[in-house]
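The next block holds one structure in the form of structure tokens; read it before the comments.
Keep in mind that what you see is a predicted model, and the values were worked out from it rather than measured.
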Amino acid sequence: MDEPSVEPTLKYWIVKSEPFKYSWDDFVNEKRSVWEGVRNYQARNNLMAMHLNDLVLFYHSNEGKEIVGLARVVREHYPDPTTDDSRWVVVDLEPVERFPKTVPLARIKADSRLQELSLVRQSRLSVLPLHRAEFDILVGIAYE
DNA sequence: GCCAACGTTGGC
DNA sequence: GCCAACGTTGGC
């Protein structure tokens, strides 16, 4: 063990949303979101691996193309209420804070430390894991 | 609007 | 089980 941790199971994630469908502001207004509609097995598996209080970066795809804020998992996976198909699950998310500065994709791609980031390497996946070190770098940029 | 990168479907 | 055809996502 190289690093003692208060939350040994805490993991880090990125979720993507097209802002004209569901934006960060929509999320804040709702105060809590059922993260519904994921229909991709890999993204579903990531949802199922989320634990309570895991931290989640909120990314605007298509328009904006930037990380805008931080959320956390407030309910672990359960069946997606928008379908009868038992393969699909949701989690519940709550906003934690809007970042003082967004982190644009172009900024991420220009950073040599972030070349392995899942968001860069698997750009089509809507729910992505990331490493603690990458999370720290991204939050650092958001607070520069 | 184009296209790369995937994922899914279905014929064989 | 392979692979061609097709659909979707999302960056550019």
Side-chain angles (χ1 to χ4, degrees), chain A residues 3 5 7-144:
Chain A
E3 188 185 5
S5 173
E7 301 245 32
T9 62
L10 198 62
K11 290 184 181 171
Y12 303 87
W13 310 92
I14 300 174
V15 295
K16 301 202 288 195
S17 186
E18 298 171 274
F20 46 89
K21 288 183 184 165
Y22 190 79
S23 69
W24 172 262
D25 286 343
D26 295 331
F27 183 37
V28 169
N29 288 338
E30 261 196 337
K31 294 192 172 66
R32 181 178 176 121
S33 177
V34 177
W35 207 256
E36 65 196 21
V38 168
R39 297 292 182 268
N40 170 285
Y41 287 112
Q42 224 180 324
R44 188 277 312 264
N45 291 345
N46 288 334
L47 287 179
M48 290 175 65
M50 287 184 181
H51 289 113
L52 200 63
N53 293 322
D54 278 1
L55 295 174
V56 182
L57 298 170
F58 193 107
Y59 176 80
H60 278 165
S61 60
N62 272 307
E63 285 179 12
K65 281 171 273 187
E66 57 193 3
I67 296 169
V68 291
L70 182 66
R72 69 187 181 93
V73 177
V74 292
R75 183 177 172 189
E76 292 180 8
H77 70 91
Y78 58 98
D80 189 330
T82 66
T83 177
D84 290 331
D85 190 330
S86 61
R87 292 176 297 172
W88 307 118
V89 303
V90 295
V91 297
D92 289 0
L93 300 178
E94 249 177 32
V96 174
E97 62 187 349
R98 173 190 283 281
F99 287 138
K101 277 176 50 188
T102 63
V103 184
L105 182 61
R107 171 72 177 83
I108 292 168
K109 288 191 165 178
D111 195 312
S112 62
R113 299 170 298 172
L114 296 170
Q115 295 311 297
E116 299 300 314
L117 187 68
S118 53
L119 184 69
V120 174
R121 300 184 69 93
Q122 254 191 306
S123 64
R124 292 189 330 143
L125 201 58
S126 61
V127 183
L128 300 153
L130 74 161
H131 296 295
R132 168 71 191 270
E134 295 168 328
F135 177 85
D136 288 344
I137 291 166
L138 290 165
V139 172
I141 294 168
Y143 280 91
E144 266 171 7

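At least one side-chain heavy atom of A/R132 sits under 4.5 Å from a side-chain heavy atom of A/Y12.
Within residues 35-43 of chain A, the residues having any heavy atom closer than 4.0 Å to DNA chain B are, in order of number, A/N40, A/Y41, A/Q42.
Annotation: salt bridge (charged side-chain N to carboxylate O under 4.0 Å, His left out) contacts involving residues 36-50 of chain A, sequence neighbours excluded, comprise A/R39-A/D80.
A/H77 pairs in a side-chain contact (heavy atoms from CB on, under 4.5 Å) with only one of the listed residues (A/V90, A/D92, A/V91), which is A/V91.
Residues passing the ring pair (Phe, Tyr, Trp, His ring centres under 6.0 Å) test with A/F58, sequence neighbours excluded: A/W24, A/F27, A/W35, A/H60. When the side-chain contact (heavy atoms from CB on, under 4.5 Å) test is applied to A/K109, the partners found at least two apart in sequence or on another chain are A/L105, A/V120.
Without hydrogens or angle criteria, A/T83 side chain to A/D85 main chain gives a donor-acceptor distance under 3.5 Å. With hydrogens and angles ignored, the 3.5 Å screen pairs a side-chain donor or acceptor of A/E76 with a backbone N or O of A/L52. Of the possible donor and acceptor atoms, none in the side chain of A/D111 sits under 3.5 Å from a partner among the backbone N and O of A/I108. Of the possible polar contacts, one joining the A/S118 side chain to the A/P129 backbone as a donor-acceptor pair under 3.5 Å is found.
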Worksheet, complete the sentence: Nucleotide by nucleotide, nucleotides 5-11 of chain C touches protein heavy atoms under 4.0 Å in the pattern (B base, S sugar-phosphate only, - none) --BBBBS
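Within a 6.0 Å radius of CG in A/N29, other residues, nucleotides and ligands contribute more than 12 heavy atoms.
Where DNA chain B pairs in unbroken runs of 3 or more (Watson-Crick or G-U, both distances under 3.5 Å), the stems are B:1-12 with C:1-12.
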